[in-house]
Colleague: 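Can you keep this structure in mind? I'll have questions shortly.
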Amino acid sequence: MTENGVYVYAIIPAGAVLPAEAVGVGNPPAALRLVDEGRVTAVVSDAPPQLRARRRDLMAHQEVLLRLAEAGPVLPMRFGAIAPDERSVRAQLAGSQAEHLATLSHLDGGVEINLKALPAQDALAAVVAQENNVRRLREAVRRRPGYEANVRLGEAISTALSRRAAEAGKKVLHKLTPLARETAAGPEVHGCALNVSFLVDRSESDTFRDTVQRFADTHRDHVELRLAGPLPCYSFVSSRPLRAQAAGG
């Protein structure tokens, strides 16, 4: 048993190799190693003392996962997963081997891409031109300026921007869903009309991005689309790969 436990990054198929020069969390960065059990392998390192969610370590964790994903399917662990020792890692791998293999097969060749839809920036002119209620309230403010009239106008603009973004979000979701193996709704984000992740074939990721860009270009008065990815496939792992304790509470 290492002094601070074993930090677990991911589960990969047995026989895979570590990316050249990849290093883990900690300062100095910890050396990565493999813990094999049957047909699956855990990627681990010694856990650093007093691990916290510092940017340096968050980025190191993500970089390991992305480098691993370039070579094959990866079941990612969330940042800060620590097991007591390698024996417990092997025991948990053995107990859930069939589930891990099924998930690795499902993720093979895929990447996660996240899409967020937000109200369009700099769309006031379009809102005034296309929204009767906003146009009516704006004219009322011009005729009789006042605090309450301005508040009503501001609320109407905000409501229209949010509604237009939500409508566009539904349309883009309908267009993109057939291009993905699977979709997963993300948590609600303040001011965000849509937050969804897509499991996309790596070979089709450019086509997926191009489709998003074309939609964004033709709906720029309604919605701002933000893409992130490729990302570790957290959203498409149905359960935690290892029941390891979380560090850095």
Side-chain angles (χ1 to χ4, degrees), residues 53 55 58-59 61-63 65-66 69 73-76 78-79 103 106-107 109-138 150-240:
R55 176 175 172 79
L58 289 168
M59 296 301 294
H61 180 94
Q62 175 121 321
E63 180 64 18
L65 297 178
L66 292 176
V74 175
L75 272 68
R78 295 284 181 181
F79 176 85
T103 305
H106 179 57
L107 299 179
V111 296
E112 178 169 338
I113 299 178
N114 177 261
L115 175 70
K116 291 181 174 64
L118 298 94
Q121 301 296 311
D122 303 320
L124 179 58
V127 169
V128 171
Q130 299 169 13
E131 299 287 332
N132 293 333
N133 185 49
V134 171
R135 188 164 57 252
R136 178 179 60 79
L137 290 171
R138 192 186 194 201
N150 279 310
V151 168
R152 287 195 296 272
L153 175 60
E155 290 175 344
I157 291 172
S158 177
T159 298
L161 288 170
S162 296
R163 190 196 74 247
R164 288 157 67 93
E167 291 170 351
K170 291 179 181 178
K171 290 179 181 178
V172 74
L173 180 60
H174 180 74
K175 180 176 286 289
L176 294 175
T177 296
L179 303 180
R181 297 185 196 172
E182 189 177 347
T183 63
E188 289 189 11
V189 177
H190 178 69
C192 186
L194 179 72
N195 177 23
V196 62
S197 288
F198 300 83
L199 181 61
V200 179
D201 287 346
R202 185 181 292 273
S203 61
E204 297 297 325
S205 60
D206 287 344
T207 298
F208 186 91
R209 288 178 172 278
D210 290 345
T211 302
V212 173
Q213 188 60 59
R214 287 195 299 272
F215 187 95
D217 290 342
T218 57
H219 294 77
R220 62 177 68 255
D221 289 340
H222 289 76
V223 69
E224 176 186 345
L225 298 179
R226 296 181 184 175
L227 274 182
L231 301 169
C233 295
Y234 292 119
S235 300
F236 303 100
V237 177
S238 59
S239 60
R240 295 184 64 180

Colleague: Quick check: closest heavy atoms across V237 and C233, and the distance to 0.1 Å?
Modeller: CG2-O, 3.4 Å

Colleague: Does any non-hydrogen side-chain atom of N133 lie less than 4.5 Å from one of R136?
Modeller: yes

Colleague: Going by the angle between their ring planes, with limits at 30° and 60°, are H219 and F215 parallel, tilted or perpendicular?
Modeller: parallel

Colleague: Specify the closest pair of heavy atoms between A156 and V134, including all atoms of both residues, with the distance to one decimal.
Modeller: O-CG2, 3.8 Å

Colleague: Ignoring hydrogens and angles, tell me if any N or O in the side chain of R152 forms a donor-acceptor pair with the backbone of L137 under 3.5 Å.
Modeller: no

Colleague: I157 vs R138, test: side chain to side chain contact (heavy atoms under 4.5 Å, CB included). Steps then yes/no.
Modeller: CA-CA 10 Å; I157 291 172; R138 192 186 194 201; over 6 Å; no

Colleague: Indicate the atoms forming the closest heavy-atom contact of V200 with L179, along with that distance.
Modeller: CG1-O, 4.3 Å

Colleague: What pair of heavy atoms forms the shortest contact from V196 to N114, and how long is it?
Modeller: O-ND2, 3.3 Å

Colleague: Heavy-atom count check: over 12 atoms from other residues, nucleotides or ligands less than 6.0 Å from D122 CG?
Modeller: no

Colleague: Taking the side chain as everything from C-beta on, heavy atoms only, tell me whether L65 gets closer than 4.5 Å to Y234.
Modeller: yes

Colleague: Just so I know, are the side chains of N195 and P187 near enough to count as touching, which here means a heavy-atom distance under 4.5 Å?
Modeller: yes

Colleague: Give me each pair satisfying salt bridge (Lys or Arg N to Asp or Glu O under 4.0 Å) with a member in residues 189-214, each pair once, sequence neighbours excluded.
Modeller: R181-D201

Colleague: Is there a donor-acceptor contact under 3.5 Å from the side chain of R135 to the main chain of A129?
Modeller: yes

Colleague: If you look at every heavy atom in S205 and I113, which pair is closest and at what distance?
Modeller: CB-CD1, 4.2 Å

Colleague: Do F236 and L107 come within less than 4.5 Å of each other through their side chains, counting heavy atoms only?
Modeller: yes

Colleague: The criterion is side-chain hydrogen bond (donor to acceptor under 3.5 Å, both in side chains); which residues satisfy it with Q62, sequence neighbours excluded?
Modeller: none

Colleague: To the nearest 0.5 Å, what is the distance between CD (Q121) and CG (D221)?
Modeller: 12.5 Å

Colleague: Under a 4.0 Å threshold between the charged nitrogen and the carboxylate oxygen, would R163 count as salt-bridged to E167?
Modeller: yes

Colleague: Side chains of Q130 and H222: does their closest heavy-atom pair fall under 4.5 Å?
Modeller: yes

Colleague: Determine whether V223 and L194 make a side-chain contact, defined as any pair of heavy atoms from C-beta on separated by less than 4.5 Å.
Modeller: no

Colleague: To the nearest 0.5 Å, how far apart are CG in L225 and CG in L118?
Modeller: 8.5 Å

Colleague: Give a yes or no answer on whether the side chain of T177 reaches the backbone of L173 with a donor-acceptor pair at less than 3.5 Å.
Modeller: yes

Colleague: I'd like to know if the side chain of E112 and the backbone of S235 have a donor-acceptor N/O pair within less than 3.5 Å.
Modeller: yes

Colleague: Should L199 and H106 count as side-chain neighbours, where that means a heavy-atom distance under 4.5 Å?
Modeller: yes

Colleague: Identify the heavy atoms of L161 and A120 that sit nearest to each other, and give their distance.
Modeller: CD2-O, 4.1 Å

